[in-house]
There are 2 protein chains.
Amino acid sequence: MANIKDVAKMAGVSVTTVSRVLNDYPYVSAEKAEAVRKAMEECNYQRNINAVHLSKGKTFLVGVVVPFSNHPYFGLLIDGIANAALTHNYKLVLIQTNYEEEKEIEALTMLKNKQIDALIICSRICDWKAIKDFTQYGPIVLCEDAREKEVSCTFVDHYKSFSIALDYLHKKGHSRIGYCIGRKSGTNSKQRHSAYVNFLKENSLSFHSDFIFSGCFNFEDGVKVVTEFVQMKERPTALLVTSDQVAAGILTCCKEQGIFIPEDLAIMGFDNQPISKVMHITTLEIPLVEVGRKLFHQAMDGERVTHEEIPVKLIERETV
Amino acid sequence: MANIKDVAKMAGVSVTTVSRVLNDYPYVSAEKAEAVRKAMEECNYQRNINAVHLSKGKTFLVGVVVPFSNHPYFGLLIDGIANAALTHNYKLVLIQTNYEEEKEIEALTMLKNKQIDALIICSRICDWKAIKDFTQYGPIVLCEDAREKEVSCTFVDHYKSFSIALDYLHKKGHSRIGYCIGRKSGTNSKQRHSAYVNFLKENSLSFHSDFIFSGCFNFEDGVKVVTEFVQMKERPTALLVTSDQVAAGILTCCKEQGIFIPEDLAIMGFDNQPISKVMHITTLEIPLVEVGRKLFHQAMDGERVTHEEIPVKLIERETV
DNA sequence: ATAATTTATGAAACGCGTTTCAAAGCAAGA
DNA sequence: TCTTGCTTTGAAACGCGTTTCATAAATTAT
């Protein structure tokens with residue numbers, strides 16, 4: 001395969017001139033530019049992108065860390081990131097971690113390596129300390145409340161939004177409220193939990209540890225929740241479900257079991273995924289595609305550290 | 001930042017020796033190896049991966065072309081690819097095309113550029129001709145029946161599987177069968193359609209163009225189908241739905257409309273996604289994660305062109 | 001007409017790790 | 001003792017495009 005030298009020779013110019021043509025720099029005469037273009041065509045020249053990357057110290061790749069890629073939450077997020085990347089001629093390197101810390105470190109190392117220009121971490125298991133060490137190597141942006149930290153982030157104030165949801169349920173007459181969550185650790189989960197605990201305290205409600213269902217990620221996890229629910233002696237009357245998928249699963253399962261929604265159990269979803277509309281699930285809208293887009297822009301604007309809060313919106317439908 | 005030269009100088013050896021240590025080559029004395037390791041640590045040396053890529057002509061990146069990443073079908077496929085990639089120390093470059101041909105060409109160009117070592121195309125809109133021109137630049141593998149073509153593929157024989165499903169419905173007494181599909185063009189869709197047409201012919205059944213519902217990708221698309229369905233004068237009694245998501249949407253919507261499944265309408269899904277189990281949808285299992293894994297392995301084994309057919313399995317549940 | 005710019009062009013250095021090739025040292029076998 | 005065959009080690013070439021710097025030519029300004 002021909003390289004820039006060959007093209008230069010063929011066109012009777014220097015490699016510098018070829019490079020100038022290649023990159024649309026000025027100060028090349030029309031004739032020489034033409035000669036170069038002709039030579040490139042003749043030998044089917046293709047620029048070796050790795051040489052460009054080495055030379056420029058830039059790859060036009062952005063790493064995206066997600067635990068799973070087949071989950072609608074991350075799917076939508078990736079969608080937003082991917083579409084923003086598309087318009088900026090960046091490509092995404094998908095790093096699926098399955099929540100293994102090792103994989104997250106690998107992603108961070110890619111940044112250190114200069115294999116990617118920036119890194120977007122959609123969800124993590126690793127310590128902030130681990131990340132901090134890598135901030136010097138390039139922009140890292142988080143999808144969580146990192147206002148206290150020296151990296152950019154786009155986030156939902158989950159404390160606030162959980163409080164809103166809890167108050168809403170409380171106003172509707174519920175005092176036995178539980179919630180379903182993916183994993184218990186994680187910045188977002190912790191914020192939610194403290195909102196929950198504070199809500200109980202402020203309203204003098206008692207804490208039931210079995211009102212908290214963890215491990216809820218997908219539609220099918222709704223089955224587990226309902227199975228547990230029916231076996232409970234003291235049941236909650238309302239459930240905050242941090243994913244519409246899970247809420248939909250719970251709904252479906254409850255119908256089978258003859259549990260009426262919202263009479264027997266009120267359900268409040270999160271995200272406002274399309275499925276929640278179809279199933280008339282009351283939910284808290286989080287514009288994930290927009291979050292994704294913002295994350296990408298922050299990754300691009302690596303110099304500036306910004307913290308963007310995304311407002312959520314309560315969407316009333318028929319499950320509360 | 002220190003480079004290999006600096007390390008060599010610090011350790012009092014040549015760059016070659018450093019390179020040998022870096023790559024675990026034999027023929028380095030223990031003392032020198034130790035000196036190199038110490039030097040690397042001292043200056044926090046990090047190998048510039050782009051230089052490696054340039055030198056090796058290899059990037060350990062595999063491109064994955066998908067139209068959307070937030071769809072469970074592609075989610076599962078990506079999952080399989082990603083996990084296989086993980087174990088082989090490859091990373092994925094996600095190219096979300098939204099079915100724009102231009103983006104597909106861009107992905108192919110990345111292969112030509114040597115920016116990726118191989119390309120997996122999960123679904124495409126572009127012509128085979130367009131792809132053919134790029135096969136010379138590296139392994140391209142397709143997720144469709146490409147037995148006639150000189151690229152590797154992992155595929156489901158959609159003609160066969162559609163026939164199986166149609167026969168099953170027919171044996172259950174249905175003669176007014178329709179189907180729901182994502183897009184009408186596309187290799188898979190065409191295979192399915194011809195299976196459908198042949199089935200009708202062989203059983204002397206008449207063709208109703210309105211029994212075919214296209215644009216069915218997601219859960220929410222089920223709504224459209226049901227809306228159309230209830231307005232039909234002559235309704236099908238069974239529907240083959242090429243995605244469990246859509247089948248689930250149809251099911252949910254039918255329940256609302258008082259349409260009984262399977263009495264009023266039999267539904268047969270595809271993929272055997274978790275949702276189909278929860279909702280007891282009879283479906284045709286396609287092991288997408290395994291398909292993904294195979295696609296990756298074929299991409300790795302670029303030399304050999306193989307065509308792997310994936311068998312499907314009918315899973316009887318309660319919607320037929 | 002002369003100075004000051006602007007335009008055009010190429011040599012060479014740079015980014016950096018890998019690999020080939022030659023050479024030297026040393027041990028085992030003949 | 002001599003040959004053969006590892007084991008070690010490093011110089012130099014290689015992969016290839018970008019960028020800096022110097023030079024020369026052509027304009028424009030004074």
Side-chain angles (χ1 to χ4, degrees), chain A residues 1-37 39-40 43-61 89 109-117 137-138, chain B residues 1-37 39-40 43-61 89 109-117 137-138:
Chain A
M1 198 179 251
N3 61 22
I4 198 173
K5 246 186 190 162
D6 302 324
V7 173
K9 211 174 289 172
M10 282 179 69
V13 298
S14 70
V15 291
T16 316
T17 300
V18 177
S19 178
R20 280 196 264 261
V21 174
L22 234 29
N23 295 289
D24 287 318
Y25 286 149
Y27 304 144
V28 179
S29 65
E31 311 91 69
K32 299 227 169 179
E34 194 40 53
V36 169
R37 259 184 281 274
M40 287 200 288
C43 66
N44 188 24
Y45 170 74
Q46 190 60 35
R47 172 156 51 175
N48 182 325
I49 207 81
N50 292 129
V52 180
H53 290 166
L54 171 59
S55 190
K56 289 233 169 120
K58 219 179 153 192
T59 58
F60 289 95
L61 293 175
N89 263 302
T109 306
M110 286 177 76
L111 185 67
K112 190 175 177 186
N113 274 340
K114 295 170 175 303
Q115 186 163 194
I116 50 181
D117 292 347
Y137 301 115
Chain B
M1 197 180 252
N3 61 22
I4 199 171
K5 246 186 190 162
D6 302 324
V7 173
K9 211 174 290 171
M10 283 178 67
V13 299
S14 71
V15 291
T16 316
T17 300
V18 178
S19 178
R20 280 196 264 260
V21 173
L22 235 29
N23 296 288
D24 287 318
Y25 286 149
Y27 303 143
V28 179
S29 65
E31 310 90 70
K32 300 229 170 178
E34 193 40 52
V36 169
R37 259 185 282 273
M40 288 200 288
C43 66
N44 189 24
Y45 170 73
Q46 190 61 34
R47 172 156 52 175
N48 182 324
I49 206 81
N50 292 129
V52 179
H53 290 167
L54 170 59
S55 190
K56 289 237 170 110
K58 218 179 155 193
T59 57
F60 290 96
L61 293 175
N89 264 300
T109 307
M110 286 177 75
L111 185 67
K112 190 175 177 187
N113 275 340
K114 294 170 176 302
Q115 186 164 195
I116 50 180
D117 293 347
Y137 301 114

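All chains are named by letter (A, B, ...) in the order of the sequence lines, taking the proteins before the strands, and each is independently numbered beginning at 1.
- Nucleotide D/dT19 holds its C1' atom 12 Å from the CD1 atom of A/Ile4, rounded to whole Å.
- Side-chain to base pairing of B/Arg20 with C/dG17: no donor and acceptor N or O lie closer than 3.5 Å to each other.
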(message) B/Met40 vs B/Arg37, test: side chain to side chain contact (heavy atoms under 4.5 Å, CB included). Steps then yes/no.
(response) CA-CA 5 Å; B/Met40 288 200 288; B/Arg37 259 185 282 273; 4.1 Å; yes

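- Nearest to the side chain of B/Asn3, among D/dT18, D/dG10, C/dG17, sits C/dG17.
- In this entry the distance linking CG of A/Leu22 with C1' of D/dG17 reads 8 Å, nearest Å.
- Nucleic acid contact class of A/Asn50 (heavy atoms, under 4.0 Å, all strands): none.
- Following rounding to the nearest Å, A/Leu54 (CG) and D/dC16 (P) show an atom-to-atom distance of 12 Å.
- Here C/dC16 presents its P atom at 9 Å from OH of B/Tyr45, a figure rounded to the nearest Å.
- Other residues, nucleotides and ligands contribute over 12 non-hydrogen atoms within 6.0 Å of the NZ atom of B/Lys112.
- Going from atom NZ of A/Lys9 over to atom P of D/dC16 covers 13 Å, rounded to whole Å.
- One can place NZ of A/Lys56 at 22 Å from P of C/dA13, the figure rounded to the nearest angstrom.
- Ranking C/dT9, C/dG10, D/dT18 by closeness to the A/Val15 side chain, first place goes to D/dT18.
- Taking 4.5 Å as the limit, every side-chain heavy atom of B/Asp6 sits out of range of all side-chain heavy atoms of B/Cys43.
- When the side-chain nitrogen and oxygen atoms of A/Lys32 are compared with OP1 and OP2 of C/dG10, one or more of them lie within a distance under 4.0 Å.
- Listed pair A/Ser14 / C/dG10 meets the phosphate criterion, a side-chain N or O lying under 4.0 Å from OP1 or OP2.
- Between A/Tyr27 and C/dA8, a side-chain N or O to OP1/OP2 separation shorter than 4.0 Å is absent.
- A heavy-atom distance below 4.5 Å is found between the side chains of B/Ser19 and B/Ile4.
- For D/dA11, the base has a donor-acceptor partner in the side chain of B/Thr16 [N/O atoms by modelled type, under 3.5 angstrom].
- Looking only at side-chain heavy atoms (C-beta outward), A/Asp117 and A/Leu61 stay at 4.5 Å or farther from each other.
- B/Val18 comes within 4.0 angstrom of nothing in the nucleic acid, heavy atoms only.
- As rounded to whole Å, 15 Å separates atom P of C/dT18 from atom NZ of B/Lys5.
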(message) One character per nucleotide, please: for nucleotides 24-29 of chain D, 5' to 3', B when the base has a protein heavy atom closer than 4.0 Å, S when only the sugar-phosphate does, - otherwise.
(response) ------

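- Atom NE2 in B/His53 sits about 23 Å away from atom P in D/dC14, given to the nearest Å.
- Residues B/Asn50 and A/Lys114 meet the side-chain proximity criterion, which asks for heavy atoms closer than 4.5 Å.
- Taking the side chain of B/Asn48 as heavy atoms from C-beta on, and the options C/dC16, D/dT9, D/dT18, the nearest nucleotide is C/dC16.
- For A/Tyr25 and C/dT7, the shortest distance from a side-chain N or O to OP1 or OP2 is not below 4.0 Å.
- Within the 4.0 angstrom heavy-atom criterion, only backbone atoms of the sugar-phosphate kind lie near A/Ser29; the bases stay farther away.
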